[in-house]
Visitor: 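I'd like to ask you about the structure that follows.
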Protein chains: 2
Amino acid sequence: MPTLRDVARKAGVSVSTVSHVFNGYRDIPVVTRKKVWEAARELDYHPNAFARNLVSRRSHLLGLVVPGRAGMRHPFLYAVICGVAEEIAGTGFGLTLSVAEEVDHSWREEVNRWKEQRFEGLIAMGFAEDHPVAKAIIESGIPAMLVDTILEGPRVSWVKSNDTEGAAAAVRHLLSLGHRRIAYIHGLGGQICQERLDGYRLALSEAGIPFDPQLVEVADFTKPGGYKAMNRILSRTIPTAVFAASDMMAFGAMECLRDRGLRLPDDMAVVGFDDIDAASHVTPALTTVRQFGDRMGREAARTLLDFLDGRIDKPHSTLVRTELVIRRSCGYSSKSRSIASGLSVQDTAAAE
Amino acid sequence: MPTLRDVARKAGVSVSTVSHVFNGYRDIPVVTRKKVWEAARELDYHPNAFARNLVSRRSHLLGLVVPGRAGMRHPFLYAVICGVAEEIAGTGFGLTLSVAEEVDHSWREEVNRWKEQRFEGLIAMGFAEDHPVAKAIIESGIPAMLVDTILEGPRVSWVKSNDTEGAAAAVRHLLSLGHRRIAYIHGLGGQICQERLDGYRLALSEAGIPFDPQLVEVADFTKPGGYKAMNRILSRTIPTAVFAASDMMAFGAMECLRDRGLRLPDDMAVVGFDDIDAASHVTPALTTVRQFGDRMGREAARTLLDFLDGRIDKPHSTLVRTELVIRRSCGYSSKSRSIASGLSVQDTAAAE
DNA sequence: AGGTGGTACTACAACGTTATAGGAAGGGTG
DNA sequence: CACCCTTCCTATAACGTTGTAGTACCACCT
């Protein structure tokens with residue numbers, strides 16, 4: 001690999017001059033500049049990032065911390081990653097993947113890497129608030145943005161969906177369709193779950209409907225979990241609609257309902273949360289609260305970069321809006337359409 | 001950030017000694033070793049990777065090249081990424097994400113980064129054989145493994161599913177259920193598509209059934225594309241089963257069939273390819289050819305590391321086996337079960 | 001002639017490591 | 001007592017950049 005010296009020799013100038021050309025010093029006349037560019041091009045010169053980082057004491061590296069195969073929210077991650085990448089493109093920062101595998105403790109090794117590679121910032125997603133990796137991020141002192149993990153520090157904040165509002169919108173939609181007994185399949189996890197429950201209760205209380213614990217069951221965000229939770233609810237009481245804190249759990253609930261001989265959406269309306277790919281492919285297509293992973297990624301990256309470049313003094317936390325995607329799983333009514341102004345009505349039909 | 005010098009001062013030894021301790025030179029007595037470790041721990045010392053890389057002339061960095069939002073095969077990518085990460089864990093190599101955005105040509109910037117960061121190897125996925133990024137990889141001279149892109153060079157090879165065999169297995173399954181008129185929804189893309197078509201034709205010819213172009217339509221790997229292709233086939237002829245080159249297209253076909261009033265699987269059997277998440281959630285659950293993204297990632301990473309560490313002279317190309325996942329979309333028959341030995345029968349039921 | 005100012009460069013000391021060569025004790029051998 | 005091993009440690013020169021300070025040269029003004 002050619003070095004600055006090789007370019008200097010070829011161009012007939014000193015190493016300093018070449019460096020100055022590449023770093024945009026302006027006391028270099030055009031002729032010299034041309035000579036240097038020419039020589040660099042001919043040698044296929046690429047500045048050595050390590051040498052550069054060493055002396056400039058900056059790495060221009062961001063770490064993207066994602067959970068290993070055990071982590072939840074898989075379908076979501078790639079969207080966030082793309083958002084981050086898009087926002088970072090053109091800023092000169094690089095993005096290093098740090099897969100924090102929880103089962104074999106190999107994430108400790110990753111934490112060391114953050115330090116050794118002198119990461120300037122971290123973007124992490126999919127970790128619960130009490131997860132050891134979340135703790136390691138805070139303790140590392142590296143500026144960080146957390147996606148869906150509500151943790152703050154002097155150099156750390158978060159980006160998440162407006163879960164409360166999203167859940168409330170879903171329940172309001174069911175209310176607008178005339179439902180009064182709305183079951184809720186609660187998810188077991190971080191603070192986000194609590195907020196979705198808050199949204200459920202908020203919408204009910206707005207409508208003057210008392211909260212009924214009989215209608216609520218907790219599950220583990222999986223499809224079988226949703227199936228079982230639905231079963232437990234049905235063994236106690238018969239609601240007319242069910243809202244699940246994730247699409248996967250909603251799928252489980254749908255299966256359970258079908259196994260019990262109920263027709264969807266006629267006998268029971270179902271709403272999910274996330275808008276994963278599969279939501280638009282199931283039958284009936286699932287009405288759900290869409291999360292914008294790409295926007296969350298963009299927002300996280302933008303805030304982090306603003307902080308690193310000194311444009312803001314402290315990274316701020318942000319709520320990203322959600323969107324209720326109305327499909328067939330709770331039926332249609334002209335009433336719902338008029339009330340749900342600003343909401344998106346989307347069809348899965350693919351006719352010509 | 002503390003340096004080797006700080007540690008040396010604290011431990012009362014020279015810089016060289018500290019370096020030797022960390023690099024496992026063996027002519028250091030245990031007492032000194034202890035002193036150094038102690039000092040490093042107290043100072044929270046982390047060796048500067050840039051300085052180390054600079055002098056050792058190695059980066060220990062691998063680039064993971066993925067397409068931007070425009071790229072296909074999204075649901076697949078995270079599995080491959082996890083496989084790569086798992087295989088790399090513990091080898092001391094780092095993984096840098098390189099999102100090659102095609103629309104704004106910002107991928108050229110990424111190519112520069114490969115050189116500047118002195119990446120030792122690349123793993124790329126989701127690019128067609130004639131994609132500019134694929135070309136850039138070959139031209140870069142950096143050892144690379146391509147996932148699902150059939151391109152070779154002295155330091156480049158590929159990993160892909162055994163698409164021909166996978167497609168053939170799917171068609172053989174349909175044949176074993178008694179189907180004789182099997183439609184095929186062909187995908188438009190790289191060499192992979194051709195191989196799936198080959199598999200379709202292979203299985204037919206094994207059964208002595210002539211290839212009928214009337215039964216084949218091409219689509220663009222999307223759900224609407226599958227819908228339209230199915231429509232075109234049905235306007236010409238009525239098959240008893242349809243095999244699609246991707247699950248997404250199979251979903252489109254299913255919707256089209258339903259819109260035409262056909263019952264699945266009774267009136268028409270459907271098989272897909274990929275086994276994306278949604279395949280097990282649709283009704284009827286889709287029988288499909290599973291691809292093992294994680295294994296492909298692992299294989300790519302392992303081969304690349306073997307080559308970089310000199311354990312092999314040339315990276316070799318590999319076919320990863322597929323697996324026919326039998327669900328409800330083509331019905332059950334005792335015959336099929338006995339014939340499809342070694343194949344997996346999987347149920348989507350989530351009962352307690 | 002001497003001073004001032006600008007232009008177009010260059011020399012050199014960092015940055016934090018590693019690797020090579022070498023040196024100072026201490027102990028055994030002839 | 002001179003010699004040679006070990007054992008343990010250190011000095012020093014890289015690695016490829018950047019940034020600061022400085023120099024050489026020429027032109028212009030008084």
Side-chain angles (χ1 to χ4, degrees), chain A residues 1-40 43-61 92 94 112-120, chain B residues 1-40 43-61 92 94 112-120:
Chain A
M1 272 271 175
T3 73
L4 221 41
R5 256 165 74 151
D6 300 322
V7 179
R9 192 152 31 206
K10 182 139 200 161
V13 293
S14 75
V15 173
S16 315
T17 302
V18 181
S19 171
H20 290 180
V21 168
F22 288 135
N23 289 282
Y25 282 49
R26 66 247 155 131
D27 65 343
I28 313 266
V30 190
V31 277
T32 315
R33 224 177 278 245
K34 277 247 167 75
K35 261 193 310 188
V36 171
W37 281 119
E38 182 83 355
L43 292 169
D44 190 33
Y45 169 75
H46 292 270
N48 183 319
F50 302 127
R52 203 199 274 255
N53 292 344
L54 182 58
V55 60
S56 71
R57 294 151 158 288
R58 292 205 62 175
S59 68
H60 287 285
L61 242 41
N112 271 332
R113 192 187 303 282
W114 302 345
K115 303 273 196 160
E116 297 183 1
Q117 312 257 22
R118 302 295 193 260
F119 284 0
E120 297 191 21
Chain B
M1 272 270 175
T3 71
L4 220 41
R5 257 165 76 147
D6 301 321
V7 178
R9 192 151 32 207
K10 181 137 200 161
V13 293
S14 75
V15 173
S16 315
T17 303
V18 180
S19 172
H20 287 181
V21 168
F22 287 135
N23 290 282
Y25 281 49
R26 65 247 154 122
D27 64 345
I28 313 267
V30 190
V31 276
T32 317
R33 222 178 278 245
K34 276 243 166 79
K35 262 193 309 189
V36 171
W37 281 117
E38 181 84 354
L43 292 170
D44 191 32
Y45 168 75
H46 292 269
N48 184 317
F50 302 128
R52 204 199 272 255
N53 291 343
L54 182 58
V55 59
S56 71
R57 294 149 159 290
R58 293 206 60 173
S59 69
H60 287 285
L61 241 41
N112 271 331
R113 193 187 301 284
W114 303 344
K115 302 274 197 162
E116 297 184 1
Q117 312 256 21
R118 304 294 194 260
F119 285 180
E120 298 191 21

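Throughout, a chain's letter reflects where its sequence line sits, starting with A, and its residues are numbered from 1.
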Visitor: Just jot down the side-chain hydrogen bond (donor to acceptor under 3.5 Å, both in side chains) partners of S59(A), sequence neighbours excluded, or say none.
Guide: none

Visitor: How bent is the helix from dA1(C)-dT30(D) to dG30(C)-dC1(D), measuring the angle between the end axes built from five pairs each, rounded to 10°?
Guide: 70°

Visitor: Specify the separation, in whole Å, of atom CG of N53(A) and atom C1' of dA14(C).
Guide: 16 Å

Visitor: Are any protein N/O atoms closer than 3.5 Å to N/O atoms in nucleotides 7-10 of chain C? If there are, list each pair with its distance.
Guide:
from	atom 1	to	atom 2	distance (Å)
dC9(C)	OP2	T32(A)	OG1	2.4
dT10(C)	OP2	S14(A)	N	2.7
dT10(C)	OP2	S14(A)	OG	2.8
dT10(C)	OP2	T17(A)	OG1	2.6

Visitor: Name all residues meeting the side-chain hydrogen bond (donor to acceptor under 3.5 Å, both in side chains) criterion together with R9(A); count only those two or more places apart in sequence or in a different chain, and write none if there are none.
Guide: D6(A)

Visitor: Rounded to whole Å, how long is the line connecting atom CG of L54(A) with atom P of dT18(C)?
Guide: 12 Å

Visitor: Under 4.5 Å between any side-chain heavy atoms of T32(A) and H20(A), yes or no?
Guide: no

Visitor: I'd like to know if the side chain of R5(B) reaches the main chain of V15(B), judged simply by a donor and an acceptor atom lying under 3.5 Å from each other, with no hydrogens or angles considered.
Guide: no

Visitor: Please list all pairs passing the side chain to side chain donor-acceptor pair (under 3.5 Å) test where one or both residues lie in residues 22-31 of chain A, with sequence neighbours left out.
Guide: S19(A)-N23(A)

Visitor: Apply ring-ring contact (aromatic ring centres under 6.0 Å, His included) to F22(A) and list each qualifying residue two or more places apart in sequence or on a separate chain.
Guide: W37(A), Y45(A)

Visitor: Need one value for F22(A): base, sugar-phosphate or nothing, where a base atom within 4.0 Å counts as base even if backbone is also close, heavy atoms only.
Guide: nothing

Visitor: Looking at residues at least two apart in the chain, or sitting in another chain, which of them share a salt bridge (charged side-chain N to carboxylate O under 4.0 Å, His left out) with K35(A)?
Guide: none

Visitor: Please confirm whether the shortest side-chain N or O distance from S56(B) to OP1 or OP2 of dT18(C) is below 4.0 Å.
Guide: no

Visitor: Output side-chain donor-acceptor pairs under 3.5 Å for residues 47-56 of chain A, partner residues at least two apart or in another chain, one line each.
Guide:
from	atom 1	to	atom 2	distance (Å)
N48(A)	OD1	F50(A)	N	2.7
N48(A)	OD1	A51(A)	N	3.2
N53(A)	ND2	A49(A)	O	3.2
S56(A)	OG	R52(A)	O	2.9
S56(A)	OG	R58(A)	N	3.4

Visitor: Using the side-chain hydrogen bond (donor to acceptor under 3.5 Å, both in side chains) criterion, which residues pair with K10(B)? Sequence neighbours excluded.
Guide: E42(B)

Visitor: Touch check for N23(B), heavy atoms < 4.0 angstrom, all strands: base, sugar-phosphate only, or nothing?
Guide: sugar-phosphate

Visitor: Run the salt bridge (charged side-chain N to carboxylate O under 4.0 Å, His left out) test against R118(B) and tell me which residues pass, sequence neighbours left out.
Guide: none

Visitor: Using a heavy-atom cut-off of under 4.0 Å over every strand shown, decide if R5(A) touches base, sugar-phosphate, or nothing.
Guide: nothing

Visitor: For DNA chain D, which nucleotides open and close the run of contacts to chain B, 5' to 3', at under 4.0 angstrom from a non-hydrogen atom?
Guide: dC8(D) to dG16(D)

Visitor: Using salt bridge (charged side-chain N to carboxylate O under 4.0 Å, His left out) as the criterion, list what pairs up with E38(A), not counting sequence neighbours.
Guide: R41(A)

